[in-house]
Amino acid sequence: MATKATQAAKAAAGKAVQAAQTLTSATASARTSARTRAAGGAGTSGPTDYDAIVVGGGHNGLVAAAYLARSGARTLVLEARGKTGGAATTEAPWADAPDFKVTRLSYVMSLLPPTIIKDLQLEKHGYKIFPMGPYYQAFPEGGSIKLYADDAKRNHDEVSRWSKKDADAMPRWDAWLAGLADVLGPLLLTVPPNLGSRKPRDLEQTLKLAWRHRGLDVHTIADVTRLMTMSIADLLDDWFESPQVKGALAVNGVIGTWAGPYEPGTAYVMAHHSIGDVGDGHLGNWGFQEGGMGAVADAIASAARENGAEIRTGAKVGQILLKDGRAAGVILENGQQLTAKVIVSSLHPRTAFLDQVGKQNLPDDFVTDIEHWKTRSGVVKINLALSELPDFTADPGTNLQEHHTGSVEMAPTMPYIERAFTEARDGIPATRPFSDGVIPTAFDKTLVPEGYHIMSLFTQWVPADWNEAPHTAELQAYADRMIDCYNEVAPNFKSSIIHTDIVGPYEMEHDYGLIGGNIFHGELSLEQLFHMRPAPGFADYRTPVPGLYYASSATHAGGGVCGIPGMQAARAALADRRADLRSRRRR
Ligand SMILES: Cc1cc2nc3c(=O)[nH]c(=O)nc-3n(C[C@H](O)[C@H](O)[C@H](O)COP(=O)(O)OP(=O)(O)OC[C@H]3O[C@@H](n4cnc5c(N)ncnc54)[C@H](O)[C@@H]3O)c2cc1C
């Protein structure tokens, strides 16, 4: 029964991808009036009918809107919060220090493809990245390690201090990863085929993908299989011997993940964070956006507005309106009804589908898939204002030095990271949390008054159910322990802190819509990747509801501030419009 429902919905979607069919070309005057309304405000005045409505003004929603508006569609973005950006946000969290701004949730850029930067002319709109310095870990027992993204000679010198064997293995490891990135990188921009579907379009997509990979040899396929199935710990054990080097390389395997380094699948998470090229040009290394991550969202919003999109903030969507089984508009929480033939949602899948479309309007098996969607992560973001830079015992001085310019880690070994996870899985916030720290003000002088710094600590883990209650006092104690860990290696650290901002899973869920506190709208676990993201049969940015497209980080290539889901959802809507126009002309 459920399967039939899915087939019926998919058949309808195939036949009636008419969602975009009535997207019309915006006239110059429509564009101008849209721009003048772009200042925001959820007022009930203004037009109520659009070609396309985008639900959620996070960076993916904004990318989708920019592409739709660029194609000529009269496009409206509806954002619940008082500002756009979602998890890409710059805020001033301290009322008594309004000059201090923090990039409150996400903190570094890497995966935004050159295609999007170019298509939307983001540099013209303020997109400006400072490439990060080295990975840096100072060890509680003394000494430190730095790893450089692009300097094999210095890496060899650094790693040799811990293991000569590991130093010699490092270039082979880098080459191995680069080879895998050549295979996996382009997949990020590939629309996943609906594997198993016999529909001509799906079969064609599956065959195309197989053909593209016809040159892969047995060894490459074996390496990809290892990467997809192994734990980062087992993988690193095959390559390296020194606990310090393995600790440094394990961090990317657990970022944002409800899994310790010994869990299968974490090797892939490492690769996801290490791929530097998504197939349309070389990406820079990780870097800091000037003005914080909110400035990335602002640049995309500015591009969307320039193309004619209207953006309303303080406009919370309560329901997606259906008419004759098709998406037809939205109802805001204030009761206002807005209509469009194309709706693009960029919200968490539980909100978008179960709450806003409604289970009764969706196929049973799709509902089950979304109900089973895994969305934990136990992440706590700690943002600090500092009166001076950390003075590391291993590398002394509060003057700005190279080791302040990259990631300033607290993840000394894999057992250290693993302990933090197993404690949280047992229901205890980590005694010694691990942290991916950065000091963006090493480059970016726009965030603080002169002489001060911001340090942003992305930390893990607290128990997965801390999204259900604020846990304010326990979060403060957890943050204090995290600060103590840094203080052990940089004794001026604690006394240099002048303001502290702690964002836990409850706040992430309730203030930012990140259900379960997961930073990617859903875990990057193997069963939730590629053709399974967000549900089998619906990984092509379309949904069981004709006219409703899906652009959140819960689709393929998300999460992260990569914009790919937004671009692909807009492309799907526009492709359906073209197909529909062609079929109308033939009639
Ligand atoms: C702590 C943290 C650290 C991270 N660090 C990084 C990093 O360094 N680099 C990186 O690349 N990625 C990072 N990420 C992940 C990345 O930020 C997200 O994957 C990405 O920003 C999600 O973008 P999105 O547009 O898909 O969704 P969101 O940013 O979640 O946007 C969805 C939007 O919808 C709005 N909304 C919710 N409900 C409604 C409603 N009912 N009506 C209207 N609007 C609504 C929300 O307010 C929000 O603005 C991090 C995330 C977190 C939380």
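Order of listing sets the numbers, starting from 1, for every ligand and every atom in it.
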Inset, instruction - Specify the protein heavy atom at minimum distance from atom 44 (N) of ligand 1: its residue, its atom name, and the distance to 0.1 Å. - result: A80 N, 3.1 Å
Inset, instruction - Salt-bridge test for E371 and K359: reply yes if a basic N is under 4.0 Å from a carboxylate O, no otherwise. - result: yes
Inset, instruction - Decide, yes or no, whether a salt bridge links R350 with E509 under the criterion of side-chain N to carboxylate O below 4.0 Å. - result: no
Inset, instruction - Could you tell me whether R104 and E507 have a side-chain N and a carboxylate O separated by less than 4.0 Å? - result: yes
Inset, instruction - Ignoring angles and geometry beyond distance, decide whether Y512 reaches within less than 3.5 Å of ligand 1 through its nitrogen or oxygen atoms. - result: no
Inset, instruction - Answer yes or no: is there an ion pair linking R376 with E523, defined by an N-O contact shorter than 4.0 Å? - result: yes
Inset, instruction - Answer yes or no: does an N/O atom from S553 fall short of 3.5 Å to an N/O atom of ligand 1? - result: yes
Legend entry - Atoms in ligand 1 with a heavy atom of H521 nearer than 4.0 Å: 26 (O), 27 (O), 28 (P), 30 (O)
Inset, instruction - Looking only at distances, please establish whether an N/O atom of ligand 1 is found under 3.5 Å from an N/O atom of A87. - result: yes
Legend entry - Check ion pair R425-E423 (N to O, under 4.0 angstrom): no
Legend entry - Polar proximity ligand 1 side, M109 side, N/O cut 3.5 Å exclusive: no
Legend entry - G560, any N or O under 3.5 Å of ligand 1 N or O: yes
Inset, instruction - Measure centre to centre between the rings of Y550 and F353, then say whether the value is under 6.0 Å. - result: yes
Inset, instruction - Check whether any N or O atom of Y107, backbone or side chain, sits under 3.5 Å from an N or O atom of ligand 1, and answer yes or no. - result: yes
Legend entry - E79 N/O under 3.5 Å from ligand 1 N/O: yes
